Amino acid sequence: FLSEDEILGTRQRLRRRAKADIKAIKDFGGLKDLSVGDYAVHNLHGIAQYQGLVHVPVTTGQKGDFLHLVYKGGDVLLIPVEQFSTVTKYVGANDRPPQLDRLGSGSWEKVKSKVKENIREMAEELLKLYAARQTANGHAFTDRDNAMMEFEAAFEYEPTEDQERSIEEVLSDLGSAKPMDRLVCGDVGYGKTEVAMRAAFKVANDGKQVAVLVPTTILCEQHERSFSERFAKWPFTVASLSRFKKPAEQKKILAGLALGTVDIVIGTHRLLQKDIAFKDLGLLIVDEEHRFGVTHKEKLKKYRTSIDVLSMSATPIPRSLSMSMNGIRDMSLIETSPQDRLAVKTSLMARNDEAIVEAIDRELARGGQTFLVHNRVKDIGQWVKNLRELMPLTRFGVGHGQMSPADLEAVMEKFVKREIDVWITTTIVESGLDFPSANTIIIDQADRFGLAQLYQLRGRVGRGHEQAYCYLMVDNPDTLTADAQKRLKALLDHSDLGSGYQVALHDLQIRGSGNILGSAQSGQAALVGYEMYSQLLEQTIRELKNEDYFEEYEPEVTIGLPCFLPADYAPDTSVRVVLYRRLSACKTLDEVADMGAEIRDRLGPPPIEARNLLTLMEIKILLVKAQARRLLCGDVGLTVTFDERGPANPDKIIKLLAGSKKHKLTPEGKLFVDRGEYQTSADPMAGIRDFLSRVA
């Protein structure tokens with residue numbers, strides 16, 4: 001008898017981890033980080049200054065919590081609990097404060113119209129590319145065959161649930177005649193490369209060529225090794241093109257690409273040069289997409305309309321992210337962390353020799369290696385000299401982009417073989433490198449790096465089972481620029497596993513929505529805030545695609561009962577604001593039920609006011625479902641006002657009217673219901689909810 005492991009090899013069995021709440025992650029425009037004095041955007045009334053949460057009586061016997069917004073001229077707007085989702089934190093493209101709107105002046109509508117006009121021009125250009133891809137006749141690859149299943153079975157780890165889903169989405173795209181344009185967003189070391197390898201195998205197995213575009217020569221070398229090892233048992237030729245290759249080798253590979261004898265080529269931007277000719281290119285994989293410049297992206301854009309393109313990034317650039325979130329590109333998320341992975345402990349400190357020596361000594365004491373990132377080639381030699389004087393027994397190595405390919409490869413080889421204890425390097429180690437024995441990274445002048453860069457650099461450590469450390473060193477933490485403070489705070493706040501997505505969203509907030517399709521849009525985003533800009537972009541795209549678009553609205557509910565989280569039940573104001581925001585953003589009754597369970601778990605059994613609040617959110621959802629704009633509850637009954645489309649279920653309304661004289665429908669679309677028709681228990685709100693569920 002032969003066991004499965006003897007035939008297929010042993011696998012690392014993965015313990016399932018709880019995944020991050022995607023909805024909570026995506027709600028980056030929410031009120032979590034909103035502090036008194038910050039700017040906020042109301043969907044209907046525009047930009048105001050947030051002045052906190054206030055508790056006021058509204059009508060006799062009814063009290064509630066309200067968001068306090070101040071507009072131009074001191075006008076005040078109080079937003080009730082159930083409408084918190086209409087307000088988002090203002091996120092512009094720079095640090096300049098926005099201009100406040102005046103309530104009732106119409107200025108906000110004018111600004112929105114102007115921005116939408118600008119967006120329309122950009123969206124038309126963007127949709128030409130989208131339409132060209134949708135109508136292009138690409139190649140539909142075959143379904144899974146035995147060879148593909150054999151290749152999948154040879155993967156030495158147990159794929160995570162997210163990996164499997166991402167692989168299925170990619171293979172489904174490859175099986176369609178429409179050219180694929182998918183972004184795989186997974187944290188550093190979460191298995192994006194395996195997704196790419198499965199796609200590459202499928203394409204190569206169908207007789208077409210695969211090009212893998214990477215940002216650095218070092219990553220190119222590492223990918224060539226990992227692809228060659230993974231594809232060793234199959235008859236495919238894997239090659240790489242970078243400055244590490246001698247001219248004669250490059251010439252041979254170029255000839256192989258033109259003749260079709262090279263199946264998979266991994267290369268730097270050398271792959272985008274004019275002398276590259278493929279016999280039959282079927283798939284382009286772009287690794288670490290955020291590292292390529294505008295010129296390279298323009299060349300990639302031409303590929304996107306004719307062949308399948310798979311992009312991968314741990315921290316997608318704002319452009320990619322905003323396009324993905326608005327449905328222009330397809331996106332797959334990998335959020336499950338590898339087995340036994342620990343979060344990297346991150347700290348910020350003023351630069352000093354003692355701290356550096358202590359960090360290196362601690363890593364050496366447990367048999368590990370250290371990266372020291374210093375991004376100035378001209379004085380990197382002086383750094384090495386100083387450290388050798390401080391630590392004469394430690395083995396140092398230097399690596400930077402201006403070294404000859406042979407010298408750089410030799411240093412990398414020594415680090416892999418653990419003949420070097422500390423690798424002093426520039427950002428050439430930023431992308432994709434995998435050294436499980438290196439678990440400390442010291443980043444000098446961290447305030448001069450971009451957020452995505454810092455996140456990638458931190459991802460070079462902590463790839464094994466050891467606790468890893470990242471030290472962000474700056475000249476003086478007290479004199480950092482506002483943007484540098486935001487970047488470093490985002491990295492320190494998001495040091496837990498799987499936070500690449502949140503880091504990318506913070507990058508989006510700091511830098512704005514960026515340069516979509518090469519058109520400068522940051523000024524437009526600053527006029528209305530990123531969240532509203534995204535909504536207008538989505539609306540414009542739907543209109544241009546002739547898709548139905550009905551703007552979301554918040555129904556107005558007046559019941560006369562206390563609906564809030566009492567301060568003695570939820571004492572922390574910021575917690576109350578976030579819970580209100582999340583509750584008001586619920587779109588289904590199940591989501592409200594989940595939030596209710598979470599509130600009970602966190603705060604204990606809810607008092608009557610909190611129970612009323614949960615029922616109020618259910619009523620709001622049912623009103624939207626019934627296509628109603630307003631519900632007013634009085635002493636003798638309630639009035640439901642439907643929107644211009646009329647009731648969602650007119651047949652049910654007609655049945656109600658026919659069966660009882662206690663229901664009336666006015667010509668203006670208002671439905672009156674006698675109190676006795678819904679108040680069947682001691683809980684009037686539950687009666688209203690049950691009545692609406694019948695109507696909706």
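All values reported here derive from a predicted model rather than from experimental measurement.
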- Take Glu363 and Glu466 through the test side-chain contact (heavy atoms from CB on, under 4.5 Å) and record every step on the way to the result. CA-CA 11 Å; Glu363 189 57 56; Glu466 298 284 333; over 6 Å; no
- Taking all non-hydrogen atoms of both residues, which atom of Val411 and which atom of Met403 are closest, and how far apart? CG2-CE, 4.0 Å
- Modelled atom types, side-chain donor and acceptor of Gln369 and Ser437, under 3.5 Å: yes
- Query: Do Arg458 and Leu491 have side-chain heavy atoms sitting under 4.5 Å apart?
  - Reply: yes
- Task: Measure from the side-chain N and O atoms of Asp421 to the backbone N and O of Arg395, and report whether any donor-acceptor pair falls under 3.5 Å.
- Result: yes
- May I ask you to say whether Arg362 pairs ionically with Glu358, meaning some side-chain N is under 4.0 Å from a carboxylate O? yes
- Item | Note: Arg225-Glu229 ion pair, threshold 4.0 Å (strictly below) | no
- So does Glu150 pair up with Arg144, basic N to acidic O under 4.0 Å? no
- Item | ring pair (Phe, Tyr, Trp, His ring centres under 6.0 Å) pairs, two or more places apart, involving residues 192-215 | Phe151-Phe201, Phe201-Trp234, Phe201-Phe236
- Message: For Met180, is there any backbone N or O sitting under 3.5 Å from a side-chain donor or acceptor partner on Asp173?
- Response: no
- Message: Test: side chain to side chain donor-acceptor pair (under 3.5 Å). Region: residues 203-214. Which pairs qualify, not counting sequence neighbours?
- Response: Thr142-Asp206, Asp145-Asn205, Lys208-Asp280
- Is the charged tip of Arg198 near the ring of Phe155: under 6.0 Å from the six-membered ring centre and within 45° of its axis? yes
